[in-house]
Structure formats: structure tokens, C-alpha cells
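For reference, the structure discussed in these notes is given below.
It should be emphasised that the depicted structure is a prediction, and the values quoted were computed from it without experimental measurement. Chain letters run A, B, ... following the sequence lines, proteins first and then strands; every chain starts at 1.
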Amino acid sequence: MPELPEVETIVRGLIIQMQTPIITDVTIYFSKIIADHQPDEFRDRVIGKRIIKITRRAKYIVFHLSENWYLILHLRMTGKVIIARDGQKASRHDHLVLHLDNGTQLFYNDTRKFGRFYLTQNPAEKLGKLGPEPLGEDFKFKEFSRKLKSTQRIIKAVLLDQTFVAGMGNIYTDEALFEAGIHPEQPTSTLSRQKQKKLFTAIQNVLRKGIQNKGTTLGEGKPNYVSSDNKSGSNQHSLQVFARTGLPCPKCQRSIKKIVVAQRGTHYCSNCQRLRKK
DNA sequence: CCATATGTTACTCG
DNA sequence: ACGAGTAACATATG
């Protein structure tokens, strides 16, 4: 669920809510979510450290701790980070709690238990292979264009590849391809320069809009994504094709189709996004 | 029971 | 080497 805009929203919320607390205790209910440490070792290394800074890289949340330690969190499909007041009890699917010295606790909740914490002094090991941040200065058209030309893969698979561009997931990929008018199965090397440009811009547009709307929250009753203050986003109301199967295309009014591409549910307009031979 | 789900990665096959 | 496809992780929902 959480893609770049959702993780960015969470991080911005955490920065406002947390300041720079010291971690006074750690409760671990499900130790497999810690990727690289035994629970006791993890607690020993984390307790007493100060959270100096919180940043985002791709879909990772990076807690910068004192003494050059980094606590890196990936939420995968259903991970949530919620700040709550001291005294709040852990509930269903809470797997780890950071107790802080500012009167709050950070709960890590994850229905499907796919998320992972990485505790390291060498963050580049985990983050170094990621592609450019699409909203950062290192995302350059010239390089983007060159890489698109250099592979035979289909465009949807490439946009989901975190080493190509970092932070895109299934929702924003479908949205960007719709905005650019590109068929999800179009081989990247066949994209015209004009389509490359459109896609380059569309990626940034859909992500910026997602952040402005504080993320996409799908599902009724039990929201799949909430920010760190437990609020839903509103970007679901701005989606053009994702989760709109059978509804009219915003451009041509024809019915939005859903197919499987790169093993993922893929929403698109077969009229506005034509597969073209080159 | 079956299919599906917003992510990632290891593995197999051609 | 490359790229596509599959399974796995684990749980909930329709």
C-alpha cells in the first residue's frame, strides 16, 4: 500500500509529532519483522539512542539514531506507523513498540507481517542500489531517456523496478502511464522521445499530487493506509484509472480495463493508451 | 473453497 | 546475460 507519497506523508507527520526523543524501551511481539538482529541484541543497540532525524528514501523510512546508527523501516504491503500517548495498549497486529521519553510511543502495526526493520551503521548497504528519487534533483530526463532506450522490458515492470526509479508502486505507476497515454505493456525502448518526456513529467505530477493529498487510502471501514496520526489520505478521490475498473475514462469516457501485467493488477484505458509497434 | 490485495526477492526457464 | 513468470512471505476480505 504505502508508496512514495504515503511514506512521505508518514515521515512528515512523524517529524512534527516526535521532535528528537530518546528511545527508552523497545517491546517486540513478533521478532521476524527485525531483519538483521536477534530481539535482545536489537533492544540493546536501540535503547538509550536518540532519534536525531527522520528522512525518507524511496519507500523506506530512515530513523537517524545517535552514534551513527540507522533504523530503516520498510512497510511493504500493510505496515503502519502510529504515534500514540503513553499508556496505550498494543492491539491486534502490533508487532513492535518504541517507547520514547516524550510521553509517546511509536507502534508498528502490520497485518500481513511483510514489513521489515533494518538496524545498521551502513545505510548505503540497504539504500545504495535504489534508483533516483523521482522528486529529487538526481532525477534527470537525459539519464531517464538513456535507460529507457537501453532495455527491452515492458514499461510497467520498469516503473515498478526500484533500481530504475525509486518509490513508484502499483497505484502511481498506473496513474502515470495513463497521464502519459502509454500502454502498460509497451516495451520501453520503443517509446518516442515525446512519450518519454510525457512520462517523465507524469511520474512527478502523480507523486506530487499524491503527497498534496496526503496519500491514497483505499478500502472502507478498515483503511489500508493511514498517516502517523491515524488519518486517512484523500488521493483516492483524484485517481484517474486505479481501482476504477468499468468506470468511464476521464478523457474519452470509455470503460477502464483491468488486466494483469508484470504479475500486478493493471488499470488502463485501451483507447487512450494504445500499444504501438515500432 | 477460490481469487484478490498498494511490495520485494529468490528462483527457474527459455 | 536478460527478461518473463512463479512462488513465497501471511492475513483479510469478498
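Within the 4.0 angstrom heavy-atom criterion, only backbone atoms of the sugar-phosphate kind lie near A/Ile154; the bases stay farther away. Among the protein residues, A/Arg112 comes within range of the nucleic acid bases, having at least one heavy atom under 4.0 Å from a base atom. Residue-level contact check: A/Thr151 touches the backbone only, with heavy atoms under 4.0 Å from sugar-phosphate atoms and none from bases. Looking at heavy-atom distances under 4.0 Å, A/Gln162 makes contact with sugar-phosphate atoms alone, never a base. Within the nucleic acid shown, A/Gly265 comes within 4.0 Å of sugar-phosphate atoms alone, with no base atom in reach, counting heavy atoms only.
Taking the P atom of each, B/dT4 and C/dG5 are spaced 16 Å apart, rounded to whole Å. Separating the P atom of B/dT8 from that of C/dA1 is a span of 25 Å, rounded to the nearest Å.
Counting to the nearest Å, the P atom of B/dT9 and the NE2 atom of A/His74 are 7 Å from each other. Here C/dA8 presents its P atom at 18 Å from NZ of A/Lys113, a figure rounded to the nearest Å. Spacing between atom CD1 of A/Ile33 and atom P of C/dT11 amounts to 13 Å, rounded to whole angstrom units. In this structure, A/Asp110 places its CG atom 16 Å from P of C/dC9, rounding to the nearest Å. C/dT11 atom P lies 18 Å from atom CG of A/Leu75, rounded to whole Å. Across the protein-nucleic acid pair, A/Lys126 atom NZ and B/dT8 atom C1' stand 9 Å apart, rounded to whole Å. A straight line from OH of A/Tyr108 to P of C/dA10 spans 13 Å, rounded to a whole angstrom. Atom CD of A/Glu185 is separated from atom P of C/dA4 by 10 Å (rounded to the nearest Å).
In this structure, of C/dT11, B/dT9, B/dG7, it is B/dT9 that holds the atom nearest to the side chain of A/Tyr60. Of the listed nucleotides (B/dG7, C/dA4, C/dG3), C/dG3 has the atom at the smallest distance from the side chain of A/Gln152. Relative to the side chain of A/Arg76, the nucleotides C/dA12, B/dT8, C/dA10 differ in distance, and B/dT8 lies closest. Nearest nucleotide to the A/Lys258 side chain, out of C/dT6, B/dA5, B/dT8: B/dA5. Here the nucleotide nearest the side chain of A/Lys59, chosen from C/dA10, C/dA12, B/dT8, is B/dT8. Taking the side chain of A/Thr111 as heavy atoms from C-beta on, and the options C/dA12, C/dG5, C/dA10, the nearest nucleotide is C/dA12. When the nucleotides B/dT8, C/dA12, C/dC9 are ranked by their closest atom to the side chain of A/Arg264, B/dT8 comes out on top.
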Inset, instruction - Dot-bracket for DNA chain B, please, read 5' to 3', with Watson-Crick or G-U wobble pairs under 3.5 Å on both distances, ( ) within the strand, [ ] crossing, | other strand, . unpaired. - result: .||||.||||||||
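A/Ser227 and A/Ile82 get closest at one heavy-atom pair: O-CD1, 3.5 Å.
Between A/Phe117 and A/Phe42, the angle of the ring planes goes over 60°, which puts this pair in the perpendicular group of the 30/60° scheme. In this structure, A/His183 and A/Tyr268 have perpendicular ring planes: the angle between them is above 60°, well past the 30° mark.
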Inset, instruction - Report the C-alpha separation of A/Tyr60 and A/His74 in whole Å, then their side-chain angles, then the decisive distance to 0.1 Å, and conclude whether the ring-ring contact (aromatic ring centres under 6.0 Å, His included) test is met. - result: CA-CA 5 Å; A/Tyr60 293 90; A/His74 197 297; 4.7 Å; yes
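Ion pairing between a basic and an acidic side chain is recognised when a charged N comes within 4.0 Å of a carboxylate O; A/Glu3 and A/Lys59 show no such pairing.
Side-chain nitrogen and oxygen atoms of A/His93 include none within less than 4.0 Å of the OP1 or OP2 phosphate oxygen of C/dT11. An OP1 or OP2 oxygen of C/dT6 is reached within less than 4.0 angstrom by a side-chain nitrogen or oxygen of A/Gln263. Listed pair A/Arg116 / B/dT9 fails the phosphate criterion, with no side-chain N or O lying under 4.0 Å from OP1 or OP2.
Tested against A/Asp161, the residues A/Lys147, A/Lys129, A/Arg153 include a single salt bridge (Lys or Arg N to Asp or Glu O under 4.0 Å) partner, A/Arg153.
Under the stacking criterion of a centre-to-centre distance below 5.5 angstrom and an interplanar angle below 30°, A/Phe114 sits stacked against the six-membered ring of B/dG7.
Between A/Thr104 and A/Ile83 there is a side-chain heavy-atom pair separated by less than 4.5 Å.
Mapped onto DNA chain B by nearest heavy atom, A/Tyr118 and A/Glu6 fall at different nucleotides, with A/Glu6 at the one closer to the 5' end.
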N/O donor to acceptor pairs below 3.5 angstrom from side-chain atoms of residues 109-116 of chain A, sequence neighbours left out:
unit_1   : atom_1 : unit_2   : atom_2 : d
A/Asn109 : ND2    : A/Arg92  : O      : 2.9
A/Asn109 : ND2    : A/His93  : O      : 3.4
A/Asn109 : ND2    : A/Asp94  : OD1    : 2.8
A/Asp110 : OD1    : A/Thr78  : OG1    : 2.5
A/Asp110 : OD1    : A/Arg112 : N      : 3.3
A/Asp110 : OD1    : A/Lys113 : N      : 3.1
A/Asp110 : OD2    : A/Tyr108 : OH     : 2.6
A/Asp110 : OD2    : A/Phe114 : N      : 3.4
A/Asp110 : OD2    : A/Gly115 : N      : 2.8
A/Arg116 : NE     : A/Lys32  : O      : 3.3
A/Arg116 : NH1    : A/Lys113 : O      : 3.1

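Seen from the ring of A/Phe178, A/Lys251 counts as a face-on cation partner, given the 6.0 Å and 45° thresholds.
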